[in-house]
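The next block holds one structure in the form of structure tokens; read it before the comments.
As a basis for the values below, the full set of heavy atoms in this structure was taken, side chains included, without hydrogen atoms, waters or symmetry mates. Predicted model only: the values in this text are computed from it and were never measured. Just follow the structure's listing: the first ligand is 1, and inside any ligand the first atom is 1.
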Amino acid sequence: MSQHNLIQRYSASERSNHWLVAICFVLLALSGLALFHPSMFWLTNLFGGGQWTRILHPFIGVLMFVGFIGMFFRFAKHNALNQNDSAWLGQLGDVMAKREDKLPPAGKYNAGQKLLFWVIVVTMLVLIVSGVAIWQPYFAPSFAIGTVRLAVLLHALAALILILGIMVHIYAAFWVKGSVRAMTRGTVTRNWARKHHRAWYDEVTQGRTK
Ligand code: HEM
């Protein structure tokens with residue numbers, strides 16, 4: 001494909017940031033599920049046994065949170081919801097049937113991506129705060145038992161929502177053909193941009209030949 005046909009969507013540092021968070025997420029989901037229910041305890045083998053799983057999980061969690069702060073500052077401005085987004089959400093039938101020509105033009109992200117972004121932000125915050133409160137042996141002893149119990153519940157709930165959200169995120173990344181290369185090679189085709197993110201396409205190609 002000629003370079004002329006490609007548009008830069010993510011820089012190398014944005015992509016490294018995304019994949020650092022994604023790798024941490026996979027490790028956290030596996031180690032977290034291992035600790036969540038005995039039926040999944042066998043997953044601890046991946047981390048060197050039960051004790052290592054319990055020791056490593058919170059440290060990887062802190063790394064993911066710090067990594068996500070970087071993503072937040074990079075992407076938050078593109079995820080502000082606007083009028084077009086409410087119209088987009090009111091036309092989910094057209095979204096599912098891929099009738100994109102009928103939808104209001106999306107900016108860098110569509111309303112679905114934006115909503116998911118904010119779900120990730122909220123669940124990340126709940127996970128880090130509740131995670132610190134249940135972190136043995138460092139912080140948990142400073143909290144009342146009732147607080148720790150509530151934190152355990154919130155931690156599991158936020159993790160469940162985040163895991164389901166990321167499953168949708170991964171599905172959508174493959175469902176919309178040509179998206180994955182945005183996060184691997186950093187570029188998308190002009191056709192992809194025009195079809196899925198018309199307003200963003202117009203913005204980035206302004207003043208240049210289309
Ligand atoms: C593990 C497999 C994953 C795959 C295959 C994947 C794939 C992608 C792709 C292709 C994009 C670009 C979408 C676009 O430019 O329109 C993207 C964006 C993004 N991804 Fe992922 N991702 C994964 C995991 C994660 C995880 C674990 C998180 C966070 C917890 C995450 C957060 C994001 C965010 C915040 C964006 C920017 C979208 C926005 O700001 O609305 N991703 N991802």
Side-chain angles (χ1 to χ4, degrees), residues 6-33 46 57 60-82 84-86 88-89 95 98 100 103-131 155 157-205:
L6 298 174
I7 302 177
Q8 185 79 24
R9 189 155 165 91
Y10 295 108
S11 66
S13 91
E14 286 171 327
R15 282 176 278 149
S16 314
N17 195 164
H18 174 271
W19 291 118
L20 169 78
V21 171
I23 291 167
C24 288
F25 170 82
V26 171
L27 295 175
L28 285 163
L30 292 172
S31 54
L33 288 169
L46 296 169
H57 181 88
I60 306 171
V62 170
L63 185 61
M64 176 170 82
F65 185 74
V66 172
F68 188 73
I69 293 177
M71 286 182 88
F72 180 83
F73 286 109
R74 290 188 155 109
F75 299 135
K77 57 181 176 295
H78 300 294
N79 285 287
L81 288 145
N82 59 36
N84 273 359
D85 294 320
S86 9
W88 191 96
L89 289 168
V95 174
K98 292 193 170 183
E100 286 181 83
L103 297 168
K108 182 154 189 185
Y109 300 115
N110 64 41
Q113 291 176 296
K114 290 180 181 180
L115 281 185
L116 190 63
F117 178 82
W118 295 110
V119 167
I120 298 174
V121 171
V122 172
T123 51
M124 286 271 177
L125 282 172
V126 174
L127 284 166
I128 193 73
V129 173
S130 58
H155 199 75
L157 203 64
L160 178 72
I161 296 170
L162 182 60
I163 291 172
L164 292 176
I166 295 300
M167 285 167 89
V168 173
H169 176 72
I170 297 172
Y171 184 83
F174 288 95
W175 189 55
V176 180
K177 301 236 166 353
S179 301
V180 174
R181 62 167 297 144
M183 242 344 144
T184 51
R185 279 172 276 181
T187 52
V188 289
T189 64
R190 279 170 181 271
N191 282 343
W192 182 93
R194 212 182 286 125
K195 186 166 171 1
H196 305 298
H197 299 275
R198 178 83 217 197
W200 176 72
Y201 174 79
D202 289 344
E203 198 183 303
V204 294
T205 55

Show me which atoms of ligand 1 lie under 4.0 Å from any heavy atom of [X].
X    : value
R9   : 14 (C), 15 (O), 16 (O)
Y10  : 12 (C), 13 (C), 14 (C), 15 (O)
F25  : 27 (C)
M124 : 30 (C)

Identify, for [atom], the protein heavy atom at the shortest distance, and state residue, atom and that distance.
atom                    : answer
atom 10 (C) of ligand 1 : S179 O, 3.4 Å
atom 19 (C) of ligand 1 : H169 CE1, 3.4 Å
atom 40 (O) of ligand 1 : N79 ND2, 2.9 Å
atom 11 (C) of ligand 1 : M183 CG, 3.7 Å
atom 34 (C) of ligand 1 : M71 CE, 3.6 Å
atom 1 (C) of ligand 1  : I170 CD1, 3.7 Å

State, with a plain yes or no, whether a side-chain heavy atom of [X] is found less than 4.5 Å away from one of [Y].
X    : Y    : result
H155 : L127 : yes
Q113 : H197 : yes
T184 : R15  : no
H78  : F117 : no

> Is there a side-chain hydrogen bond (donor to acceptor under 3.5 Å, both in side chains) between R181 and T189 once you walk through the steps?
Replying inline: CA-CA 9 Å; R181 62 167 297 144; T189 64; over 6 Å; no
> Are any of the N/O atoms in Q113 less than 3.5 Å from those in ligand 1?
Replying inline: yes
> Considering distance alone, does some N or O of K114 sit under 3.5 Å from an N or O of ligand 1?
Replying inline: no
> Between C24 and M64, what is the shortest heavy-atom contact and its length?
Replying inline: CB-CB, 3.6 Å
>> Below 4.0 Å from ligand 1: does a non-hydrogen atom of K108 turn up there or not?
In response: no
>> Would you compute the distance between atom CG of L115 and atom CG of L81 and round it to the nearest 0.5 angstrom?
In response: 5.5 Å
> How is the N/O/S atom of H18 that comes nearest to atom 21 (Fe) of ligand 1 named?
Replying inline: NE2
> Evaluating non-hydrogen atoms only, which member of W19, Y109, F117 is closest to atom 37 (C) of ligand 1?
Replying inline: Y109
> If you measure from atom 26 (C) of ligand 1 to every heavy atom of V26, L20, I166, which option wins on shortest distance?
Replying inline: I166
> Does R190 use its side chain to pair, donor to acceptor, with the backbone of I7 at less than 3.5 Å?
Replying inline: no
> Between F75 and Y10, is the ring centre distance below 6.0 Å?
Replying inline: yes
> Yes or no on side-chain hydrogen bond (donor to acceptor under 3.5 Å, both in side chains) for W192 and S179, after CA distance, side-chain angles and deciding distance?
Replying inline: CA-CA 8 Å; W192 182 93; S179 301; 3.3 Å; yes
